[in-house]
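All values below were derived from every heavy atom in this structure, side-chain atoms included, with hydrogens, water molecules and symmetry-related copies excluded.
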Amino acid sequence: VADGVAHDFTNVFAVVLSYANFIKESSPVGDPRRDDALEILSAAGEGTALIRRLLSVSERFTGEKPIELNESLLQLRGLLLRSLDEHRELQLIESRSALVVRIDPVRFDQLLLSLTLAASETAPDTHPLRILLESGVNPGFARITVQCVESELTELAGSSELPLLGRPLDPSVPEMAACVGIVESAGGSIVARASESLGKTFIVELPLWVESSSAAPPQLEAGHGLVLIAEGDTALRRAAARALSLEGYAVQVAAEYDEAVALLAKLGTRLDVLIGDLAMPGCADYELVAEARRLAPSAAVLVTAAFASGPENAGSRQDVTRLYKPLQPGELVAAVRAALAGRELQTSSGERPSRDGQGELVLVVEDDDSMRAALARILECAGYCVCQAARLAEARKQLETGPEPALVLCDLSLPDGSSVELMNWIFATRPALRGRTFVLSGGAVEDADIAFVRSGVVPVLRKPIEPGPLLQILGRARAGLGSSV
(Lines give C-alpha, C1' and ligand atoms only; values in the text may rest on other atoms or scores of the structure.)
Protein backbone atom coordinates (compact mmCIF):
# COMPACT_ATOMS: atom_id res chain seq x y z
CA VAL A 1 0.00 0.00 0.00
CA ALA A 2 2.79 2.41 0.89
CA ASP A 3 4.52 1.68 -2.43
CA GLY A 4 1.39 2.43 -4.46
CA VAL A 5 0.52 5.59 -2.55
CA ALA A 6 4.11 6.86 -2.79
CA HIS A 7 4.21 6.24 -6.54
CA ASP A 8 0.93 8.06 -7.22
CA PHE A 9 1.73 11.01 -4.96
CA THR A 10 5.21 11.28 -6.48
CA ASN A 11 3.61 11.77 -9.89
CA VAL A 12 1.22 14.39 -8.47
CA PHE A 13 4.01 16.41 -6.88
CA ALA A 14 6.16 16.08 -10.00
CA VAL A 15 3.38 17.81 -11.95
CA VAL A 16 2.95 20.52 -9.29
CA LEU A 17 6.69 21.19 -9.17
CA SER A 18 6.92 21.32 -12.97
CA TYR A 19 4.13 23.83 -13.55
CA ALA A 20 5.15 25.97 -10.57
CA ASN A 21 8.62 26.15 -12.11
CA PHE A 22 7.12 27.14 -15.48
CA ILE A 23 5.30 30.05 -13.78
CA LYS A 24 8.38 31.09 -11.80
CA GLU A 25 10.67 31.06 -14.84
CA SER A 26 8.22 33.06 -16.98
CA SER A 27 7.57 35.72 -14.31
CA PRO A 28 10.03 38.56 -13.58
CA VAL A 29 11.35 39.26 -10.11
CA GLY A 30 8.75 41.33 -8.21
CA ASP A 31 5.81 39.83 -10.09
CA PRO A 32 3.21 38.53 -7.56
CA ARG A 33 2.79 35.41 -9.72
CA ARG A 34 6.46 34.56 -9.16
CA ASP A 35 5.96 34.87 -5.40
CA ASP A 36 2.90 32.63 -5.65
CA ALA A 37 4.93 30.06 -7.59
CA LEU A 38 7.64 30.09 -4.92
CA GLU A 39 5.02 29.37 -2.24
CA ILE A 40 3.71 26.47 -4.32
CA LEU A 41 7.24 25.12 -4.75
CA SER A 42 7.80 25.34 -0.99
CA ALA A 43 4.56 23.46 -0.22
CA ALA A 44 5.30 20.86 -2.88
CA GLY A 45 8.75 20.42 -1.36
CA GLU A 46 7.19 19.59 1.99
CA GLY A 47 4.88 17.15 0.23
CA THR A 48 7.90 15.51 -1.37
CA ALA A 49 9.45 15.11 2.07
CA LEU A 50 6.25 13.36 3.24
CA ILE A 51 6.58 10.93 0.33
CA ARG A 52 10.17 10.22 1.29
CA ARG A 53 8.99 9.47 4.83
CA LEU A 54 6.42 7.05 3.47
CA LEU A 55 9.11 5.34 1.39
CA SER A 56 11.29 4.97 4.47
CA VAL A 57 8.43 3.16 6.24
CA SER A 58 8.19 0.66 3.37
CA GLU A 59 12.02 0.41 3.24
CA ARG A 60 12.25 1.81 -0.27
CA PHE A 61 15.01 4.13 -1.42
CA THR A 62 15.71 6.61 -4.22
CA GLY A 63 19.44 6.22 -4.73
CA GLU A 64 22.22 8.67 -3.92
CA LYS A 65 22.11 12.04 -5.63
CA PRO A 66 23.29 15.60 -4.92
CA ILE A 67 20.93 17.42 -2.51
CA GLU A 68 21.11 20.93 -1.09
CA LEU A 69 20.93 20.67 2.71
CA ASN A 70 19.25 24.03 3.39
CA GLU A 71 16.43 23.19 0.99
CA SER A 72 16.05 19.64 2.31
CA LEU A 73 15.92 20.86 5.91
CA LEU A 74 13.15 23.35 5.14
CA GLN A 75 11.16 20.62 3.38
CA LEU A 76 11.40 18.52 6.54
CA ARG A 77 10.22 21.28 8.88
CA GLY A 78 6.62 20.04 9.13
CA LEU A 79 7.64 16.44 9.81
CA LEU A 80 10.18 17.50 12.42
CA LEU A 81 7.62 19.64 14.25
CA ARG A 82 5.14 16.79 14.39
CA SER A 83 7.82 14.48 15.81
CA LEU A 84 8.46 16.82 18.78
CA ASP A 85 6.50 17.44 21.95
CA GLU A 86 3.92 20.16 21.33
CA HIS A 87 5.58 22.45 23.88
CA ARG A 88 9.08 22.26 22.35
CA GLU A 89 10.20 24.96 19.94
CA LEU A 90 12.05 24.05 16.73
CA GLN A 91 14.88 26.28 15.45
CA LEU A 92 16.27 25.68 11.94
CA ILE A 93 19.45 27.68 11.27
CA GLU A 94 20.51 27.57 7.63
CA SER A 95 24.02 27.93 6.30
CA ARG A 96 24.94 31.24 4.68
CA SER A 97 26.07 29.36 1.58
CA ALA A 98 24.63 26.43 -0.36
CA LEU A 99 25.67 23.02 1.01
CA VAL A 100 25.44 20.27 -1.61
CA VAL A 101 26.16 16.69 -0.53
CA ARG A 102 25.58 13.35 -2.24
CA ILE A 103 23.25 11.08 -0.26
CA ASP A 104 19.97 9.18 -0.66
CA PRO A 105 17.26 11.78 0.20
CA VAL A 106 15.09 9.17 1.93
CA ARG A 107 17.96 8.09 4.16
CA PHE A 108 18.89 11.71 4.89
CA ASP A 109 15.35 12.31 6.14
CA GLN A 110 15.58 9.17 8.28
CA LEU A 111 18.84 10.44 9.75
CA LEU A 112 17.47 13.85 10.79
CA LEU A 113 14.23 12.47 12.18
CA SER A 114 16.06 9.86 14.26
CA LEU A 115 18.57 12.37 15.64
CA THR A 116 15.82 14.90 16.37
CA LEU A 117 13.89 12.36 18.42
CA ALA A 118 17.01 11.14 20.24
CA ALA A 119 18.12 14.68 21.14
CA SER A 120 14.67 15.79 22.32
CA GLU A 121 14.09 12.72 24.51
CA THR A 122 17.07 13.52 26.75
CA ALA A 123 16.54 17.27 27.30
CA PRO A 124 14.10 19.36 29.37
CA ASP A 125 10.85 20.19 27.55
CA THR A 126 11.51 23.92 27.94
CA HIS A 127 14.65 23.82 25.80
CA PRO A 128 14.20 24.52 22.06
CA LEU A 129 15.57 21.94 19.64
CA ARG A 130 18.03 23.47 17.18
CA ILE A 131 19.34 22.08 13.90
CA LEU A 132 22.32 24.09 12.70
CA LEU A 133 23.91 23.85 9.23
CA GLU A 134 27.49 25.07 8.82
CA SER A 135 30.33 24.96 6.31
CA GLY A 136 34.03 25.59 6.75
CA VAL A 137 34.35 24.09 10.23
CA ASN A 138 36.10 21.11 8.64
CA PRO A 139 37.24 22.05 5.10
CA GLY A 140 35.44 20.06 2.44
CA PHE A 141 32.61 19.00 4.75
CA ALA A 142 29.14 20.23 5.71
CA ARG A 143 28.34 20.07 9.44
CA ILE A 144 24.89 19.35 10.86
CA THR A 145 24.41 19.89 14.61
CA VAL A 146 21.25 18.61 16.31
CA GLN A 147 20.88 19.71 19.95
CA CYS A 148 18.52 21.12 22.54
CA VAL A 149 19.65 24.57 23.73
CA GLU A 150 19.03 26.84 26.69
CA SER A 151 19.49 30.03 24.69
CA GLU A 152 20.94 31.33 21.44
CA LEU A 153 24.40 31.51 23.07
CA THR A 154 24.63 27.91 24.28
CA GLU A 155 28.14 26.52 23.82
CA LEU A 156 29.25 22.90 23.54
CA ALA A 157 32.48 23.52 25.45
CA GLY A 158 33.09 21.19 28.37
CA SER A 159 30.79 18.42 27.18
CA SER A 160 32.06 14.88 26.91
CA GLU A 161 32.40 13.39 23.44
CA LEU A 162 31.37 9.83 22.63
CA PRO A 163 32.48 8.56 19.20
CA LEU A 164 29.74 6.79 17.26
CA LEU A 165 31.74 5.68 14.25
CA GLY A 166 31.70 1.92 13.85
CA ARG A 167 29.17 1.22 16.62
CA PRO A 168 25.74 2.47 17.76
CA LEU A 169 25.46 4.83 20.71
CA ASP A 170 23.06 2.46 22.44
CA PRO A 171 22.74 -1.17 21.24
CA SER A 172 19.12 -1.20 22.40
CA VAL A 173 18.21 1.62 19.99
CA PRO A 174 18.34 0.33 16.39
CA GLU A 175 17.83 3.86 15.04
CA MET A 176 21.27 4.87 16.28
CA ALA A 177 22.92 1.97 14.47
CA ALA A 178 20.97 2.96 11.34
CA CYS A 179 22.23 6.55 11.66
CA VAL A 180 25.83 5.38 11.76
CA GLY A 181 25.25 3.28 8.62
CA ILE A 182 23.62 6.14 6.73
CA VAL A 183 26.40 8.60 7.54
CA GLU A 184 29.24 6.17 6.84
CA SER A 185 27.74 5.11 3.49
CA ALA A 186 27.81 8.78 2.46
CA GLY A 187 31.48 9.08 3.44
CA GLY A 188 30.83 11.11 6.58
CA SER A 189 31.22 10.84 10.34
CA ILE A 190 28.95 11.23 13.37
CA VAL A 191 29.67 11.88 17.05
CA ALA A 192 27.48 12.41 20.13
CA ARG A 193 28.14 14.74 23.02
CA ALA A 194 26.48 14.23 26.39
CA SER A 195 25.62 17.03 28.82
CA GLU A 196 23.66 16.81 32.07
CA SER A 197 21.82 20.05 31.36
CA LEU A 198 21.28 19.70 27.61
CA GLY A 199 21.09 15.96 27.06
CA LYS A 200 22.58 14.52 23.86
CA THR A 201 23.98 16.62 21.01
CA PHE A 202 24.68 14.98 17.64
CA ILE A 203 27.23 16.33 15.17
CA VAL A 204 27.23 14.95 11.61
CA GLU A 205 29.78 15.82 8.95
CA LEU A 206 29.14 14.94 5.29
CA PRO A 207 31.59 15.54 2.41
CA LEU A 208 30.63 18.43 0.16
CA TRP A 209 29.89 17.47 -3.42
CA VAL A 210 32.25 20.11 -4.82
CA GLU A 211 31.90 18.94 -8.40
CA SER A 212 28.17 19.70 -8.48
CA SER A 213 28.63 22.93 -10.40
CA SER A 214 31.47 21.80 -12.68
CA ALA A 215 30.30 18.35 -13.65
CA ALA A 216 27.52 19.59 -15.95
CA PRO A 217 27.73 18.12 -19.45
CA PRO A 218 28.67 20.33 -22.40
CA GLN A 219 25.78 22.51 -23.51
CA LEU A 220 24.23 21.32 -26.75
CA GLU A 221 22.52 23.38 -29.40
CA ALA A 222 18.82 23.89 -28.74
CA GLY A 223 16.60 21.62 -30.76
CA HIS A 224 19.33 19.01 -31.23
CA GLY A 225 17.66 15.71 -30.45
CA LEU A 226 14.50 13.63 -30.81
CA VAL A 227 13.12 12.40 -27.49
CA LEU A 228 10.43 9.79 -26.84
CA ILE A 229 8.63 10.11 -23.48
CA ALA A 230 6.86 6.91 -22.38
CA GLU A 231 4.84 7.87 -19.29
CA GLY A 232 1.43 6.61 -18.18
CA ASP A 233 0.45 9.66 -16.11
CA THR A 234 -1.20 12.18 -18.45
CA ALA A 235 -0.35 15.37 -16.55
CA LEU A 236 3.24 14.29 -15.92
CA ARG A 237 3.67 13.31 -19.57
CA ARG A 238 2.51 16.76 -20.66
CA ALA A 239 4.78 18.49 -18.15
CA ALA A 240 7.85 16.54 -19.30
CA ALA A 241 7.05 17.17 -22.95
CA ARG A 242 6.63 20.89 -22.31
CA ALA A 243 9.92 21.14 -20.39
CA LEU A 244 11.87 19.55 -23.24
CA SER A 245 9.97 21.37 -26.01
CA LEU A 246 10.76 24.72 -24.38
CA GLU A 247 14.44 23.81 -24.72
CA GLY A 248 13.98 23.10 -28.41
CA TYR A 249 13.92 19.30 -28.42
CA ALA A 250 11.59 17.40 -30.74
CA VAL A 251 9.30 15.29 -28.54
CA GLN A 252 7.11 12.23 -29.14
CA VAL A 253 4.94 10.77 -26.35
CA ALA A 254 3.43 7.40 -25.52
CA ALA A 255 0.88 6.66 -22.80
CA GLU A 256 1.27 2.87 -22.61
CA TYR A 257 3.68 0.08 -23.45
CA ASP A 258 2.24 -1.02 -26.83
CA GLU A 259 2.15 2.59 -28.06
CA ALA A 260 5.76 3.11 -26.95
CA VAL A 261 6.93 -0.04 -28.77
CA ALA A 262 5.14 1.05 -31.94
CA LEU A 263 6.85 4.45 -31.81
CA LEU A 264 10.24 2.82 -31.16
CA ALA A 265 9.75 0.72 -34.30
CA LYS A 266 8.67 3.78 -36.30
CA LEU A 267 11.47 6.10 -35.14
CA GLY A 268 14.26 3.49 -35.14
CA THR A 269 17.73 4.99 -35.53
CA ARG A 270 16.28 8.54 -35.70
CA LEU A 271 15.50 8.39 -31.99
CA ASP A 272 18.11 10.05 -29.78
CA VAL A 273 16.73 9.54 -26.25
CA LEU A 274 14.06 7.35 -24.68
CA ILE A 275 12.62 8.39 -21.29
CA GLY A 276 10.61 5.44 -19.99
CA ASP A 277 8.68 5.06 -16.73
CA LEU A 278 9.37 1.67 -15.15
CA ALA A 279 5.78 1.52 -13.87
CA MET A 280 3.94 2.47 -17.06
CA PRO A 281 0.81 0.44 -17.96
CA GLY A 282 1.46 -2.88 -19.71
CA CYS A 283 5.20 -2.80 -18.98
CA ALA A 284 7.10 -5.12 -16.65
CA ASP A 285 10.20 -3.51 -15.15
CA TYR A 286 12.91 -3.17 -17.87
CA GLU A 287 10.81 -4.71 -20.66
CA LEU A 288 10.60 -1.40 -22.56
CA VAL A 289 14.36 -0.97 -22.26
CA ALA A 290 14.87 -4.34 -23.96
CA GLU A 291 12.58 -3.28 -26.81
CA ALA A 292 14.47 0.00 -27.17
CA ARG A 293 17.76 -1.88 -27.44
CA ARG A 294 16.25 -3.99 -30.23
CA LEU A 295 14.29 -1.37 -32.19
CA ALA A 296 16.33 1.81 -31.57
CA PRO A 297 19.81 0.55 -30.59
CA SER A 298 21.52 3.93 -31.01
CA ALA A 299 19.21 5.76 -28.58
CA ALA A 300 20.30 6.71 -25.07
CA VAL A 301 17.91 5.32 -22.45
CA LEU A 302 16.72 7.05 -19.28
CA VAL A 303 14.28 5.32 -16.94
CA THR A 304 12.19 7.01 -14.26
CA ALA A 305 10.91 5.50 -11.02
CA ALA A 306 9.46 6.63 -7.71
CA PHE A 307 11.85 4.46 -5.70
CA ALA A 308 14.16 1.45 -5.74
CA SER A 309 13.19 -1.79 -4.01
CA GLY A 310 16.37 -1.51 -1.94
CA PRO A 311 19.72 0.25 -1.94
CA GLU A 312 21.38 -2.70 -3.66
CA ASN A 313 19.16 -2.22 -6.72
CA ALA A 314 19.71 1.50 -7.19
CA GLY A 315 22.31 1.00 -9.93
CA SER A 316 21.55 -2.55 -11.03
CA ARG A 317 21.50 -1.69 -14.74
CA GLN A 318 24.66 0.05 -15.91
CA ASP A 319 23.44 0.40 -19.50
CA VAL A 320 20.72 2.90 -18.53
CA THR A 321 20.52 6.05 -16.43
CA ARG A 322 17.95 5.83 -13.64
CA LEU A 323 16.14 9.02 -12.55
CA TYR A 324 14.01 9.24 -9.43
CA LYS A 325 10.76 11.19 -9.25
CA PRO A 326 9.73 13.86 -8.64
CA LEU A 327 11.92 15.53 -11.27
CA GLN A 328 11.86 19.27 -11.75
CA PRO A 329 12.07 20.54 -15.37
CA GLY A 330 15.70 21.61 -15.03
CA GLU A 331 16.72 18.16 -13.74
CA LEU A 332 14.99 16.42 -16.64
CA VAL A 333 16.58 18.73 -19.22
CA ALA A 334 20.02 18.26 -17.64
CA ALA A 335 19.62 14.47 -17.79
CA VAL A 336 18.68 14.59 -21.47
CA ARG A 337 21.64 16.86 -22.23
CA ALA A 338 23.97 14.45 -20.46
CA ALA A 339 22.54 11.54 -22.44
CA LEU A 340 22.96 13.39 -25.73
CA ALA A 341 26.47 14.51 -24.84
CA GLY A 342 27.46 10.93 -24.17
CA ARG A 343 25.68 9.58 -27.22
CA GLU A 344 27.25 11.94 -29.79
CA LEU A 345 25.93 9.87 -32.69
CA GLN A 346 26.61 12.41 -35.40
CA THR A 347 29.19 15.04 -36.24
CA SER A 348 28.27 18.32 -37.90
CA SER A 349 28.59 16.61 -41.29
CA GLY A 350 26.11 13.93 -40.34
CA GLU A 351 28.70 11.13 -40.21
CA ARG A 352 29.29 8.77 -37.30
CA PRO A 353 32.57 9.20 -35.46
CA SER A 354 35.22 6.65 -36.32
CA ARG A 355 35.18 3.55 -34.13
CA ASP A 356 38.92 3.48 -33.47
CA GLY A 357 38.67 1.94 -30.01
CA GLN A 358 39.14 -1.50 -31.58
CA GLY A 359 37.20 -3.17 -28.79
CA GLU A 360 39.75 -2.32 -26.11
CA LEU A 361 38.49 -2.31 -22.53
CA VAL A 362 38.15 0.95 -20.57
CA LEU A 363 37.39 1.03 -16.84
CA VAL A 364 35.29 4.08 -15.89
CA VAL A 365 35.20 4.83 -12.15
CA GLU A 366 32.65 7.60 -11.50
CA ASP A 367 29.98 7.87 -8.78
CA ASP A 368 27.65 10.25 -10.65
CA ASP A 369 25.22 8.04 -12.59
CA SER A 370 24.58 10.52 -15.41
CA MET A 371 28.26 11.33 -15.91
CA ARG A 372 29.24 7.64 -15.83
CA ALA A 373 26.56 6.75 -18.38
CA ALA A 374 27.61 9.66 -20.62
CA LEU A 375 31.27 8.61 -20.57
CA ALA A 376 30.32 5.01 -21.29
CA ARG A 377 28.21 6.06 -24.25
CA ILE A 378 31.00 8.25 -25.69
CA LEU A 379 33.48 5.38 -25.44
CA GLU A 380 31.11 2.74 -26.81
CA CYS A 381 30.29 4.92 -29.83
CA ALA A 382 34.04 5.12 -30.50
CA GLY A 383 34.39 1.33 -30.44
CA TYR A 384 35.64 0.74 -26.90
CA CYS A 385 34.29 -1.85 -24.49
CA VAL A 386 33.43 -0.34 -21.12
CA CYS A 387 33.21 -1.66 -17.58
CA GLN A 388 31.92 0.67 -14.88
CA ALA A 389 32.34 1.19 -11.16
CA ALA A 390 30.73 3.75 -8.82
CA ARG A 391 33.08 3.28 -5.85
CA LEU A 392 36.72 2.53 -5.14
CA ALA A 393 35.90 -0.91 -3.74
CA GLU A 394 34.04 -1.86 -6.94
CA ALA A 395 36.91 -0.63 -9.11
CA ARG A 396 39.52 -2.61 -7.21
CA LYS A 397 37.39 -5.76 -7.33
CA GLN A 398 37.01 -5.44 -11.11
CA LEU A 399 40.75 -4.95 -11.52
CA GLU A 400 41.51 -7.97 -9.32
CA THR A 401 38.96 -10.38 -10.80
CA GLY A 402 38.14 -9.13 -14.30
CA PRO A 403 40.13 -8.69 -17.52
CA GLU A 404 42.79 -5.99 -17.37
CA PRO A 405 41.67 -2.74 -19.01
CA ALA A 406 43.71 -0.90 -21.61
CA LEU A 407 42.69 2.47 -20.14
CA VAL A 408 41.33 3.73 -16.80
CA LEU A 409 39.26 6.89 -16.19
CA CYS A 410 38.81 7.55 -12.47
CA ASP A 411 36.99 10.36 -10.68
CA LEU A 412 39.19 11.98 -8.04
CA SER A 413 36.56 12.15 -5.28
CA LEU A 414 34.42 9.07 -4.65
CA PRO A 415 31.94 8.18 -1.86
CA ASP A 416 34.31 5.73 -0.16
CA GLY A 417 37.48 7.82 -0.40
CA SER A 418 40.02 9.45 -2.66
CA SER A 419 41.15 7.73 -5.85
CA VAL A 420 44.78 8.59 -5.00
CA GLU A 421 45.00 5.32 -3.07
CA LEU A 422 43.64 3.41 -6.07
CA MET A 423 46.10 5.13 -8.42
CA ASN A 424 49.06 4.21 -6.24
CA TRP A 425 47.87 0.60 -6.04
CA ILE A 426 47.45 0.42 -9.84
CA PHE A 427 50.95 1.73 -10.48
CA ALA A 428 52.44 -0.68 -7.96
CA THR A 429 50.70 -3.77 -9.33
CA ARG A 430 50.13 -2.84 -13.00
CA PRO A 431 52.97 -0.60 -14.21
CA ALA A 432 51.76 -0.98 -17.81
CA LEU A 433 48.77 1.22 -16.95
CA ARG A 434 51.00 4.18 -16.08
CA GLY A 435 50.31 6.73 -18.80
CA ARG A 436 47.00 5.05 -19.59
CA THR A 437 45.30 6.03 -16.34
CA PHE A 438 43.51 9.38 -16.16
CA VAL A 439 41.97 11.30 -13.26
CA LEU A 440 38.63 13.07 -13.75
CA SER A 441 38.31 16.16 -11.59
CA GLY A 442 36.13 19.17 -11.10
CA GLY A 443 38.14 20.36 -8.10
CA ALA A 444 40.07 18.50 -5.39
CA VAL A 445 38.79 18.45 -1.80
CA GLU A 446 41.64 17.20 0.34
CA ASP A 447 45.14 18.71 0.47
CA ALA A 448 46.59 15.31 -0.46
CA ASP A 449 44.38 15.21 -3.56
CA ILE A 450 45.47 18.70 -4.61
CA ALA A 451 49.14 17.73 -4.17
CA PHE A 452 48.59 14.55 -6.21
CA VAL A 453 46.99 16.49 -9.07
CA ARG A 454 49.76 19.10 -9.10
CA SER A 455 52.50 16.46 -9.04
CA GLY A 456 51.71 15.48 -12.63
CA VAL A 457 51.94 11.77 -11.82
CA VAL A 458 48.64 11.16 -13.63
CA PRO A 459 47.11 13.18 -16.50
CA VAL A 460 44.05 15.10 -15.27
CA LEU A 461 40.90 15.55 -17.36
CA ARG A 462 38.96 18.57 -16.12
CA LYS A 463 35.18 18.46 -16.05
CA PRO A 464 33.09 19.17 -18.04
CA ILE A 465 34.69 16.80 -20.56
CA GLU A 466 34.22 17.38 -24.28
CA PRO A 467 33.72 14.10 -26.21
CA GLY A 468 36.05 14.97 -29.11
CA PRO A 469 39.14 15.95 -27.07
CA LEU A 470 38.56 13.00 -24.72
CA LEU A 471 38.73 10.49 -27.59
CA GLN A 472 41.82 12.19 -29.02
CA ILE A 473 43.62 11.99 -25.66
CA LEU A 474 42.71 8.34 -25.21
CA GLY A 475 43.77 7.58 -28.76
CA ARG A 476 47.23 9.06 -28.12
CA ALA A 477 47.50 7.06 -24.90
CA ARG A 478 46.60 3.84 -26.77
CA ALA A 479 49.25 4.58 -29.34
CA GLY A 480 51.83 4.83 -26.55
CA LEU A 481 52.50 8.50 -27.22
CA GLY A 482 51.51 9.64 -23.72
CA SER A 483 49.32 12.60 -23.08
CA SER A 484 49.54 16.08 -21.65
CA VAL A 485 46.29 17.59 -20.52
Side-chain angles (χ1 to χ4, degrees), residues 63-64 102 165-166 181 184-188 207 211 308 310-322 342 357-380 382-441 444-446 448-449 451-453 455-461 463 465 470 473-475 477-480 482-483 485:
E64 291 184 355
R102 186 174 177 84
L165 279 177
E184 288 185 334
S185 67
E211 295 173 343
E312 72 281 358
N313 296 326
S316 57
R317 298 272 309 213
Q318 292 188 337
D319 57 340
V320 301
T321 298
R322 190 161 183 162
Q358 300 179 6
E360 290 186 306
L361 182 65
V362 181
L363 172 61
V364 177
V365 188
E366 166 64 62
D367 64 307
D368 184 86
D369 296 339
S370 297
M371 179 62 68
R372 189 173 66 250
L375 288 170
R377 180 65 70 174
I378 292 170
L379 295 168
E380 288 167 352
Y384 292 95
C385 294
V386 180
C387 58
Q388 303 177 39
R391 295 176 179 268
L392 292 175
E394 294 175 20
R396 183 156 181 166
K397 182 177 180 180
Q398 289 199 30
L399 287 166
E400 289 176 335
T401 62
E404 184 161 318
L407 299 161
V408 177
L409 302 178
C410 187
D411 188 24
L412 184 60
S413 301
L414 292 162
D416 52 344
S418 167
S419 63
V420 173
E421 180 183 349
L422 179 65
M423 299 294 104
N424 291 330
W425 178 78
I426 288 175
F427 298 152
T429 59
R430 293 162 175 77
L433 285 177
R434 186 179 291 271
R436 294 191 173 199
T437 299
F438 299 83
V439 163
L440 312 175
S441 177
V445 178
E446 302 290 343
D449 294 346
F452 184 78
V453 168
S455 69
V457 174
V458 179
V460 179
L461 303 178
K463 299 178 181 179
I465 298 172
L470 171 65
I473 291 167
L474 298 185
R478 284 179 52 249
S483 173
V485 184

> Is a donor on one side and an acceptor on the other found under 3.5 Å between the side chain of Arg396 and the backbone of Trp425?
no
> Not counting sequence neighbours, which residues clear side chain to side chain contact (heavy atoms under 4.5 Å, CB included) with Glu404? List them please.
Arg430, Leu433
> Is there side-chain contact between Leu375 and Val362, with heavy atoms separated by less than 4.5 Å?
no
> Between Ala406 and Arg436, which heavy-atom pair has the shortest distance, and what is it?
O-CD, 3.1 Å
> How many angstroms lie between CG in Leu361 and SG in Cys385, if you round to the nearest 0.5 Å?
6.5 Å
> Which heavy atom of Arg102 sits nearest to which heavy atom of Asp367, and what is that distance?
NH2-O, 2.9 Å
> With distance as the sole test, does Arg372 use its side chain to make a donor-acceptor pair with the main-chain N or O of Glu366 at under 3.5 Å?
yes
> Below 4.5 Å, heavy atoms only, C-beta onward: do Leu422 and Leu399 meet side chain to side chain?
yes
> Would you call Cys410 and Thr437 a side-chain contact if the rule is heavy atoms closer than 4.5 Å?
no
> Compare every heavy atom of Ala389 with every heavy atom of Ala395, then report the nearest pair and how far apart it is.
N-CB, 3.6 Å
> Can you tell if the side chain of Leu409 reaches within under 4.5 Å of the side chain of Leu474, non-hydrogen atoms only?
yes
